[in-house]
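The structure appears below as structure tokens.
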Protein chains: 2
Amino acid sequence: MKTLVSRCPIEEVMQVLSGRWPTLLIYYLKDGTKRFSDLRRDNPTISHKMLTLELRKLEDAGIISRTEFEGYPLHVEYDLTSVGERLVPLIDALGDWWEEAIGPDAPHNEFATPKSRSVT
Amino acid sequence: MKTLVSRCPIEEVMQVLSGRWPTLLIYYLKDGTKRFSDLRRDNPTISHKMLTLELRKLEDAGIISRTEFEGYPLHVEYDLTSVGERLVPLIDALGDWWEEAIGPDAPHNEFATPKSRSVT
DNA sequence: CGGTATCCTCGGAGATACTG
DNA sequence: CAGTATCTCCGAGGATACCG
């Protein structure tokens with residue numbers, strides 16, 4: 001999803017938020033400042049490379065800020081920007097919608113509707 | 001993004017909504033009932049195969065409904081379910097957030113912040 | 001520690017053709 | 001018309017190694 005097929009802002013947001021990591025990273029950053037290695041610990045299955053790429057993408061989108069400290073070893077901190085913070089409740093709403101959509105009984109990790117397809 | 005790495009509902013929604021098409025399809029369906037071929041016209045660049053796959057995914061998630069009519073040639077209609085309709089304003093909110101995030105002046109099709117990375 | 005570069009693979013997604 | 005089945009290919013993303 002590198003290119004856009006529409007001029008729709010929706011498609012543009014999704015370009016940034018699509019995938020497993022963006023929303024998860026935003027969520028971990030909600031708790032406050034995190035370092036690169038913190039985020040790796042929070043997301044044990046993300047690869048080194050992907051983490052940098054995803055962080056860069058979010059930074060470019062203005063959702064997170066990157067602060068580099070002088071000295072050795074390197075020390076970098078990531079934070080949500082104010083723009084990023086305003087995104088959090090929207091993501092929350094999606095999560096709530098989902099939980100309601102699949103019903104309170106629904107097993108996590110599994111899609112909801114047993115789907116009886118209607119035939120007329 | 002086939003598997004989940006967390007038990008977080010956020011990750012589960014994103015699994016369904018990630019990618020270029022899901023939100024766009026939901027948007028076109030917002031206008032009312034659409035047939036398969038209508039959706040292809042709306043999204044000229046989506047492939048036959050992808051359209052069926054994406055529609056199936058949304059159907060499985062309970063966001064859209066599929067109604068098949070008897071007769072020949074085949075006739076199938078897609079609609080948002082009530083669950084899907086409740087999703088629309090949330091997606092709208094994301095679009096609004098994005099437009100505000102990148103600023104009213106921002107050129108579409110391009111990321112926003114000129115990014116001067118902070119160094120301390 | 002955080003980031004970049006290189007290599008390699010595996011599956012997402014296009015093209016095409018066929019069926020009910 | 002809507003959907004499925006094959007084949008194919010390209011690139012997202014993992015593993016590894018090296019640098020400031």
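These values consider heavy atoms only, across backbone and side chains, with no hydrogens, waters or symmetry-generated copies. Order of the sequence lines sets the chain letters (A, B, ...), proteins ahead of strands, with each chain counted from 1.
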Write down the distance between [atom1] ([X]) and [atom2] ([N]), rounded to a whole number of angstrom.
X	N	atom1	atom2	answer
Glu77(A)	dC1(C)	CD	C1'	13 Å
His75(B)	dG3(D)	NE2	P	11 Å
Glu68(B)	dT4(D)	CD	P	10 Å
Leu53(B)	dA2(D)	CG	P	16 Å
Leu55(B)	dC1(D)	CG	P	16 Å
Phe69(B)	dG3(D)	CZ	P	13 Å
Leu51(B)	dG14(C)	CG	C1'	14 Å
Arg66(B)	dC1(D)	CZ	C1'	12 Å

**OP:** List for me each residue that meets side chain to side chain donor-acceptor pair (under 3.5 Å) alongside Asp96(B), sequence neighbours excluded, and say none if there are none.
**Re:** none

**OP:** Apply side chain to side chain donor-acceptor pair (under 3.5 Å) to Glu77(A) and list each qualifying residue two or more places apart in sequence or on a separate chain.
**Re:** His75(A)

Subject >> Residue pairs fulfilling ring pair (Phe, Tyr, Trp, His ring centres under 6.0 Å) with at least one residue in residues 29-59 of chain B, sequence neighbours excluded >> reply: Phe36(B)-His48(B)

Subject >> Candidates dA2(D), dC1(C), dT4(D) - which lies nearest the side chain of Arg35(A) >> reply: dC1(C)

**OP:** Among the candidates dC7(D), dG3(C), dA2(D), find the nucleotide nearest to the side-chain atoms of Thr52(A).
**Re:** dG3(C)

Original post:
Cluster question for you: counting only ILVMFWY and a side-chain heavy-atom cut-off of under 4.5 Å, with indirect links fine, are Leu74(A) and Leu39(A) together?
Top reply: no

Subject >> Residue mapping more 5' on DNA chain D - nearest nucleotide basis, Phe36(B) or Lys49(B) >> reply: Phe36(B)

Original post:
At what angle, to 10 degrees, do the two end axes of the helix from dC1(C)-dG20(D) to dG20(C)-dC1(D) meet, given five pairs define each axis?
Top reply: 50°

Kindly write out the residues that satisfy salt bridge (charged side-chain N to carboxylate O under 4.0 Å, His left out) with [X], not counting sequence neighbours, or none if the list is empty.
X	answer
Asp42(A)	Lys34(A)
Arg35(A)	none
Asp38(B)	Arg41(B)
Arg40(A)	none

**OP:** Apply side chain to side chain donor-acceptor pair (under 3.5 Å) to the pair Asp79(B) and Ser65(B), showing each step before the final yes or no.
**Re:** CA-CA 5 Å; Asp79(B) 281 285; Ser65(B) 65; 4.6 Å; no

Subject >> Members of residues 37-48 of chain A that approach DNA chain C, where some heavy atom sits under 4.0 Å away >> reply: Ser37(A), His48(A)

Original post:
side chain to side chain donor-acceptor pair (under 3.5 Å) between Trp21(A) and Glu54(A): does it pass, once the steps are laid out?
Top reply: CA-CA 7 Å; Trp21(A) 305 115; Glu54(A) 297 288 348; 5.2 Å; no

**OP:** Among residues two or more places apart or on two chains, list those pairs meeting salt bridge (Lys or Arg N to Asp or Glu O under 4.0 Å) that have a residue in residues 44-53 of chain A.
**Re:** none

Original post:
Any salt bridge (Lys or Arg N to Asp or Glu O under 4.0 Å) pairs touching residues 16-32 of chain B, not counting sequence neighbours?
Top reply: Glu11(A)-Arg20(B)

Check the interface with nucleotides 18-20 of chain C: list each N/O to N/O pair with the protein under 3.5 Å, or write none.
unit_1: dG20(C); atom_1: O6; unit_2: Tyr72(B); atom_2: OH; d: 3.4

Original post:
Can you find a side chain N or O atom of Arg56(B) that sits less than 4.0 Å from OP1 or OP2 on dT4(D)?
Top reply: yes

